[in-house]
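Heads up: the structure comes next, in structure tokens.
In the text below, chain A, chain B and the rest are named by the order of the sequence lines, each starting its count at 1.
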Amino acid sequence: MPELPEVETIRRDLAHAVVGRAITAVEWLDARIVRGDVEGAELAARMVGRQGAAVARRGKFLVWRFTSGEGLLLHLGMSGRLTVGPRSDEAWPRHTHLVVALSSGAVVRLVDPRRFGRVAWLAAPAAGPGGMGPEPLSPRFTAESLGRILAGRRAPIKAVLLDQRRVAGLGNIYVDEALFRARLHPARPAGSLGAREVGALHRAIRRVLRDALADRGTTFMDYRDAHGQRGEHAAHLGVYGRAGQPCRRCGAPIVRVVVAARGTHLCARCQPAGAHGGSDTEVSGRRG
DNA sequence: AGATGATCCTGTATGC
DNA sequence: TGCATACAGGATCATC
């Protein structure tokens with residue numbers, strides 16, 4: 001499923017194709033994926049003639065910004081693919097929901113079998129999607145800010161990390177990977193982490209995301225980049241999708257449990273449930 | 001306020 | 001072999 005590294009990879013590919021290019025036609029827009037105040041036909045009409053200014057990313061959202069100051073908000077859900085390529089005479093793939101023709105002759109396509117993805121018209125894309133937590137790869141995301149996010153919360157740390165209002169861009173794969181790297185059990189209450197553990201988690205989140213980005217994302221099943229190519233990071237995952245296989249660190253079998261209503265992969269030896277970090281000082285009390 | 005659960009959706013995997 | 005069912009999960013909305 002597209003998380004921050006996958007969406008960022010697509011953002012870069014898409015930016016090359018659409019910045020400085022005008023939209024000449026919206027050849028197809030399935031109204032069922034359109035959200036927001038502007039409905040499908042009107043949204044398609046508004047896109048035609050707009051010129052691409054930039055492609056931005058916020059968490060797992062993409063914003064196709066136009067020189068007009070407006071923009072198109074895109075989310076790929078679980079199975080969404082956003083591709084760019086030459087116009088083709090071949091039939092569109094099943095579950096094609098959006099086809100946009102550009103002045104370059106290229107065509108942008110959104111294909112999403114499970115249809116959890118969505119598009120929406122943005123009158124002022126500078127605002128972008130609101131209510132989201134910090135970008136984990138930005139300098140503003142520090143161990144201290146992560147500590148404030150986790151402090152006092154009794155919810156499992158995995159639930160907090162998956163919550164886009166707390167930290168933007170993490171999904172099931174990279175939360176499991178980051179917790180493994182930081183040697184933290186996903187069901188630990190978020191507020192129970194000591195300062196040293198928070199620091200380890202902060203480093204792990206950034207390292208995991210950077211490594212995956214360098215590999216152009218993780219392809220498990222659906223994900224492809226904007227050129228239809230697979231990401232290469234799956235071969236380097238520590239725990240996700242590796243249930244029953246030996247831990248790369250200690251050799252114990254990776255187990256799959258359910259935490260925060262999500263399939264969760266961990267090494268029970270490296271990530272003990274009761275660990276509290278020895279002399280570490282617990283982060284507690286009020287946030288802010 | 002904050003956390004949990006249901007909902008959407010279809011391809012894939014499992015069970016009988 | 002074939003059919004039916006369970007399962008996967010990101011975000012949103014309703015309900016504790």
Task: Under-4.0 Å salt bridge between A:R216 and A:E6 - done: no

Open item on the list: For A:R181, is there an ion pair with A:E177 - N to carboxylate O distance below 4.0 angstrom?
Closed with: no

Task: Salt-bridge present (A:E135, A:R140; N to O < 4.0 Å) - done: no

Task: Under-4.0 Å side-chain N/O to phosphate OP1/OP2 contact, A:R114 with B:dT10 - done: no

TODO: Check whether any side-chain nitrogen or oxygen of A:R166 sits under 4.0 Å from OP1 or OP2 of B:dA3, and answer yes or no.
DONE: yes

- [ ] Quickly work out the A:H97 NE2 to B:dC8 C1' distance and round it to whole Å.
- [x] 13 Å

Open item on the list: Just the rounded figure in Å: distance from C1' of B:dG11 to CZ of A:R81.
Closed with: 12 Å

Open item on the list: Please report the distance, rounded to the nearest Å, between CE in A:M78 and C1' in B:dT12.
Closed with: 11 Å

- [ ] May I have the distance from A:D163 (atom CG) to B:dA3 (atom P), rounded to whole angstrom?
- [x] 8 Å

N/O contacts under 3.5 Å, protein versus nucleotides 3-6 of chain C?
none

Open item on the list: I need the CG-P distance between A:D176 and C:dA8, as an integer number of Å.
Closed with: 13 Å

- [ ] Could you pick out which residue, A:A155 or A:R115, lies toward the 5' side of DNA chain B when each is mapped onto its nearest nucleotide?
- [x] A:A155

Task: Atom CZ of A:R207: over 12 foreign heavy atoms under 6.0 Å - done: no

Open item on the list: Are there over 12 heavy-atom neighbours, none belonging to A:R35, within less than 6.0 Å of that residue's CZ?
Closed with: yes

Task: NE2/A:H16: more than 12 non-hydrogen atoms of other groups inside 6.0 Å - done: no

Open item on the list: So that I know where these two stand, are A:F180 and A:H265 an aromatic pair - ring centroids less than 6.0 Å apart?
Closed with: no

- [ ] Calculate the interatomic distance between A:D112 atom CG and B:dT10 atom P; express it in whole Å.
- [x] 10 Å

Open item on the list: Less than 4.5 Å apart, side chain to side chain, heavy atoms only: is that true for A:V258 and A:T264?
Closed with: no

Task: Carboxylate-amine/guanidinium contact A:E42 A:R46, below 4.0 Å - done: yes

Open item on the list: Rounded to whole Å, please give me the gap between CG in A:L76 and P in C:dG9.
Closed with: 18 Å

- [ ] Grab the CZ-P distance between A:R94 and B:dT12 for me, whole Å please.
- [x] 10 Å

Open item on the list: Starting the side chain at C-beta, find the nucleotide from B:dG11, B:dA3, C:dG9 nearest to A:H95.
Closed with: B:dG11

- [ ] Would you mind classifying the nucleic acid contact of A:R256 as base, sugar-phosphate or nothing, using non-hydrogen atoms under 4.0 angstrom?
- [x] sugar-phosphate

Open item on the list: Generate the contact string for nucleotides 11-16 of chain C. Rules: B means base contact, S means sugar-phosphate contact only, - means no protein heavy atom under 4.0 Å.
Closed with: BS----

Open item on the list: Let me spell it out: for each of A:V160 and A:P113, pick the nucleotide of DNA chain B with the closest heavy atom. Which residue's pick is nearer the 5' end?
Closed with: A:V160

Open item on the list: Need one value for A:R165: base, sugar-phosphate or nothing, where a base atom within 4.0 Å counts as base even if backbone is also close, heavy atoms only.
Closed with: nothing

Open item on the list: Any non-hydrogen side-chain atom of A:D13 less than 4.5 Å from a side-chain atom of A:T83?
Closed with: no

